[in-house]
Amino acid sequence: MKVDERRVRSLNDRAAGGGPVVYWMSRDQRVNDNWALLYAREKAIERKVPLCVIFNLLKIEGRGNTRQYRFMFNGLKEVEKALAQLNIPFFVLYGKSEEVITTFVKTHQVGEVVVDFNPLLYARQRREATAAALPIRLTEVDAHNIIPCWHASDKEEFAAYTFRPKVHRALPEFLTAFPKLESHPYKSEFKTKPIDWDECLSKLSLEEILNTNFIAGETAAKKQLSTFISSRLDSYHETRNDPTQNGVSGLSPYLHFGQLSAQRVAYEANNAFEHNKDAREAFLEELIVRRELADNYCFYNKQYDQAAGAHAWAQKTMAEHKDDVREYLYTKEQFENAETHDDLWNAMQLQMVEEGKMHGWCRMYWAKKILEWTPDAQAAINIALYLNDKYELDGNDPNGVVGVMWSICGVHDRAWNERPIFGKIRYMNYAGAKRKFDIKAYIDRYGKKNTLFK
DNA sequence: ATCGGCTCGCGCAA
DNA sequence: TGCGCGAAGCCGAT
C-alpha cells in the first residue's frame with residue numbers, strides 16, 4: 001500500500017536528488033504506524049538508495065525539562081534499537097536544524113528529506129528555515145492526524161459541529177490499516193555509533209523536574225492501548241468525566257510524543273465490536289474529532305495562544321469585563337505552588353505536578369478558575385499554558401492550547417449568560433464539581449503536598 | 001430529578 | 001431568510 005499523496009506536501013518546491021533519503025523524525029517518534037517513515041522508505045525503494053532517520057535536538061528557550069525529555073529519550077532509545085534491526089541508521093544532530101541538517105545533507109549527498117507535521121509555530125519556523133536552507137526537496141507528511149490537517153478542512157473551524165461532518169465524510173478513506181515497515185534492502189554507507197542519551201540530556205541543561213510513573217516507548221504505549229480497550233473502553237462514556245475513577249485512556253503522553261499513532265488507536269477502538277457502541281463513539285469523538293480539531297485551530301490561527309485569536313463575541317465580552325473586580329488574585333508562583341483558597345483547585349494542580357497528567361475534566365475547571373483569579377484573559381492564558389507545558393507529559397501540544405483557549409476564551413464554544421469577570425464565557429464552579437463527582441475523595445487523594453514541595 | 005432559559009453564529013434547507 | 005443546534009454548565013423553578 002502506498003502512502004496517500006494527500007498526506008504529503010513539499011515545503012520548498014525543490015527537486016529531490018538521487019541520493020539517500022532521510023526521515024527527520026520530530027513529532028512522530030515511532031517506528032511502527034508512521035506515514036512519514038513509510039513515505040521516506042517508499043521513495044528510497046523507488047530510487048534504490050539507502051534510508052536513514054535523524055532526530056534534531058535543540059533547546060527551545062522556556063520549553064522542555066527533564067521530566068519531558070527523559071520520557072522522550074526513553075522512547076527514542078527504543079526507536080534506535082528497532083531501526084537498527086531494519087537496516088535503518090539513526091542519528092542525533094545537535095543544533096539548529098537549518099544548519100545541522102543542511103550540513104548532514106551535503107556531507108552524505110542526501111537526495112530528499114522527509115519531515116512529519118506539527119502546526120505549532122516554533123516547530124513550523126524550524127521546518128520553514130530548513131526548507132529555505134536545503135538545496136533539495138523538504139517534504140512534509142502529516143503522520144499525526146488520521147485525516148491530513150490541510151485536507152480535513154481548508155480553514156479555521158468555528159466549532160466541533162462544523163468540523164465533525166467533514167471528519168466523518170473523510171474518515172472511511174483514511175481510517176485504514178497500516179502496512180508493516182520492512183527491513184530496508186539498500187545497504188547504508190552511513191557510519192553510526194550508539195547514542196549516549198545521558199550526554200544528550202546533559203548537553204541541553206534542562207530544568208530538573210521529578211519523573212513520573214509513565215513508562216515511555218512504543219511497547220509501553222501499545223500495552224496501555226490494549227489494556228484500555230480490554231478493560232476500560234466499555235464504560236468510557238460513563239466514567240470518563242469522573243476524576244476519581246480510572247476511566248480515561250491514559251494515552252495522551254504517548255500520542256503527544258508520537259510514540260503511538262492516533263490512527264492505530266482509532267482503528268483498534270473502531271473495530272472493538274465486542275464493546276459498548278456508545279462508549280466507542282464517545283471515545284472516537286474525542287480521539288478523532290476533538291484531537292484533530294486542535295491541530296486545525298493551531299494550523300489556521302496564527303494567534304492561537306492569544307486572547308486576540310478568539311471569536312469576535314468572546315473578545316467583545318472580555319473587553320466589557322476587563323475592569324470587573326476580582327475577589328481573588330494570585331501570582332504565577334501562587335498557582336504553581338497550589339496556594340489558592342480552593343482546596344479542589346489545589347488538588348488538581350498537585351495531581352498535575354506530581355503525576356505529569358491532570359484529568360481531562362479537571363483541566364477545564366482548573367483553567368477557568370485561573371481566568372477568574374487573574375487580572376485579564378491574556379494573563380490567565382499565559383499562566384495556564386506555562387503550567388500545562390511545564391508539568392504535563394502531554395504539554396506543548398495543540399490539544400493543551402485548545403483546552404486552555406476553550407476554557408478561558410470560548411474557542412470552539414458558544415456564548416452563555418453573562419456574569420461578572422467571565423462575561424459570556426461559559427462558567428464553571430465548585431458546586432458543579434460537587435454535583436458531578438466525589439470531590440472529597442479526590443481532594444483526599446491529591447490534595448496533600450508531598451516531598452516535591454519543601 | 002428534570003427542564004428551560006441564557007446567547008451567538010455557522011451552515012444548510014428553502 | 002429562517003432555523004436547528006452546538007467541547008463537557010449554571011441557576012432557579014417545578
Side-chain angles (χ1 to χ4, degrees), chain A residues 152-170 235-245 247-249 252 262 278-279 281-298 300-301 304 309-321 324 342 344-345 348 357-372 381 384 388 394 397-439 442:
Chain A
S153 171
D154 59 4
K155 62 170 185 182
E156 181 189 340
E157 291 295 331
F158 186 79
Y161 76 92
T162 62
F163 189 50
R164 189 174 296 114
K166 298 179 185 182
V167 167
H168 285 291
R169 229 176 290 136
S235 56
Y236 182 78
H237 59 310
E238 287 162 350
T239 56
R240 66 178 155 159
N241 279 339
D242 184 342
T244 63
Q245 294 195 52
V248 295
S249 73
S252 68
D278 290 344
E281 280 174 4
F283 178 66
L284 290 170
E285 163 73 13
E286 295 199 7
L287 176 76
I288 306 174
V289 176
R290 299 193 202 168
R291 202 184 42 78
E292 305 208 349
L293 179 60
D295 263 35
N296 168 277
Y297 172 73
C298 292
Y300 289 111
N301 190 328
Y304 58 68
H311 289 153
W313 67 262
Q315 292 195 52
K316 184 163 173 279
T317 196
M318 282 188 280
E320 285 165 2
H321 289 273
D324 289 7
D342 179 335
L344 179 60
W345 192 94
M348 293 171 179
K357 200 164 179 301
M358 192 191 298
H359 188 277
W361 188 88
C362 297
R363 293 187 192 208
M364 299 184 289
Y365 178 90
W366 175 86
K368 284 187 180 289
K369 292 296 130 180
I370 298 177
L371 170 62
E372 196 172 339
I381 293 167
N388 179 79
D394 61 16
D397 190 280
N399 283 288
V401 173
V402 169
V404 164
M405 295 299 283
W406 178 86
S407 303
I408 295 174
C409 293
V411 164
H412 299 149
D413 205 3
R414 61 168 144 158
W416 295 85
N417 54 330
E418 196 159 10
R419 55 179 305 127
I421 305 175
F422 284 79
K424 292 170 183 176
I425 304 291
R426 184 196 298 252
Y427 177 64
M428 286 172 79
N429 65 0
Y430 199 91
K434 225 173 190 168
R435 247 180 273 123
K436 220 170 173 72
F437 64 95
D438 183 353
I439 57 168
Y442 182 81

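Note that the structure is predicted; figures quoted are calculated from it, not measured.
- Set against C/dA7, B/dT7, C/dC10, the side chain of A/A415 has B/dT7 as its closest nucleotide.
- B/dA1 sits 28 Å from C/dA7 when the P atoms are compared, rounded to a whole Å.
- The side chain of A/N429 approaches C/dC10 more closely than any other nucleotide in the set B/dG9, C/dA7, C/dC10.
- Without hydrogens or angle criteria, A/W345 side chain to A/W366 main chain gives a donor-acceptor distance under 3.5 Å.
- Set against B/dT7, C/dC11, B/dC10, the side chain of A/F158 has B/dC10 as its closest nucleotide.
- The side chain of A/Y427 approaches C/dC10 more closely than any other nucleotide in the set C/dC10, C/dG9, B/dG9.
- Taking only side-chain atoms of A/Y161, from C-beta outward, the nucleotide of B/dC8, C/dA7, C/dC11 with the closest atom is C/dA7.
- Residue A/N417 places no side-chain N or O under 4.0 Å from the OP1 or OP2 atom of B/dT7.
- Proximity of a side-chain donor or acceptor of A/Y297 to a complementary backbone N or O of A/Y304 within less than 3.5 Å is detected.
- Of the side-chain N and O atoms in A/K155, one or more sit less than 4.0 angstrom from OP1 or OP2 of B/dG11.
- Remark: P of C/dC10 and CZ of A/F422 are 10 Å apart, rounded to the nearest angstrom.
- Distances shorter than 4.0 Å separate some side-chain N or O of A/K424 from OP1 or OP2 on B/dC8.
- With A/R164 as the partner, the salt bridge (charged side-chain N to carboxylate O under 4.0 Å, His left out) test is satisfied by one option alone out of A/E292, A/E286, A/E285: A/E285.
- With both ends at atom P, the span from B/dC10 to C/dG9 equals 24 Å, rounded to whole Å.
- At a threshold of 4.0 angstrom between heavy atoms, the contacts of A/W406 include nucleobase atoms, whether or not backbone atoms are also involved.
- The nearest whole Å value for the distance from the CG atom in A/D413 to the C1' atom in C/dG9 is 9 Å.
- Without hydrogens or angle criteria, A/T239 side chain to A/Q245 main chain gives no donor-acceptor distance under 3.5 Å.
- In this entry the distance linking OH of A/Y297 with C1' of C/dA7 reads 14 Å, nearest Å.
- Nucleic acid contact class of A/M428 (heavy atoms, under 4.0 Å, all strands): sugar-phosphate only.
- Closest contact between the side chain of A/R290 and the listed nucleotides B/dG9, C/dG9, C/dA7 involves C/dA7.
- Between the CD atom of A/E285 and the P atom of C/dA7 there is a distance of 7 Å, given to the nearest Å.
- Across all strands, A/N241 comes closer than 4.0 Å to base atoms (heavy-atom distances).
- To the nearest whole angstrom, the two P atoms, one in B/dG4 and one in C/dG4, are 15 Å apart.
- In terms of heavy-atom proximity, A/V167 sits nearest to A/V289 at CG1-CG2, 4.1 Å.
- OP1 or OP2 of C/dG9 has at least one side-chain nitrogen or oxygen of A/K436 nearer than 4.0 Å.
- In this structure, NE2 of A/H412 is placed 15 Å from C1' of B/dC8, rounded to the nearest angstrom.
- The CZ atom of A/F163 sits 13 Å away from the C1' atom of C/dA7 (whole-angstrom rounding).
- Residue A/R164 has a polar side-chain atom (N or O) positioned under 4.0 Å from OP1 or OP2 of C/dA7.
- Summarising the geometry, the separation between CZ on A/R414 and P on B/dC6 is reported as 12 Å, rounded to the nearest angstrom.
- In terms of modelled atom types and a separation under 3.5 Å, the side chain of A/N388 and the main chain of A/V404 share no donor-acceptor contact.
- Under a 4.0 Å N-O distance rule, the pair A/K316/A/E320 qualifies as a salt bridge.
- Using a 4.0 Å heavy-atom cutoff across all strands shown, A/K166 reaches no nucleic acid atom at all.
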- Taking Watson-Crick and G-U wobble pairs with both distances under 3.5 Å, convert DNA chain C into its dot-bracket string, 5' to 3', dots for unpaired and | for cross-strand pairs. ||||||..||||||
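- Residue contacts for A/R435: at a heavy-atom cut-off of 4.0 Å it reaches the sugar-phosphate backbone alone, with no base atom in range.
- Spacing of P atoms, B/dT7 relative to C/dC11, comes out at 15 Å, to the nearest Å.
- In this structure, A/V289 reaches neither bases nor backbone, as no heavy-atom distance under 4.0 Å exists between it and the strands shown.
- Residue A/W313 contributes atom CH2, which lies 12 Å from atom P of B/dC10 at whole-angstrom precision.
- To the nearest 0.5 Å, the span separating CG on A/N296 from CZ on A/R290 amounts to 15.0 Å.
- Interatomic distance, OG of A/S252 versus CZ of A/R291, reported as 11.0 Å (0.5 Å rounding).
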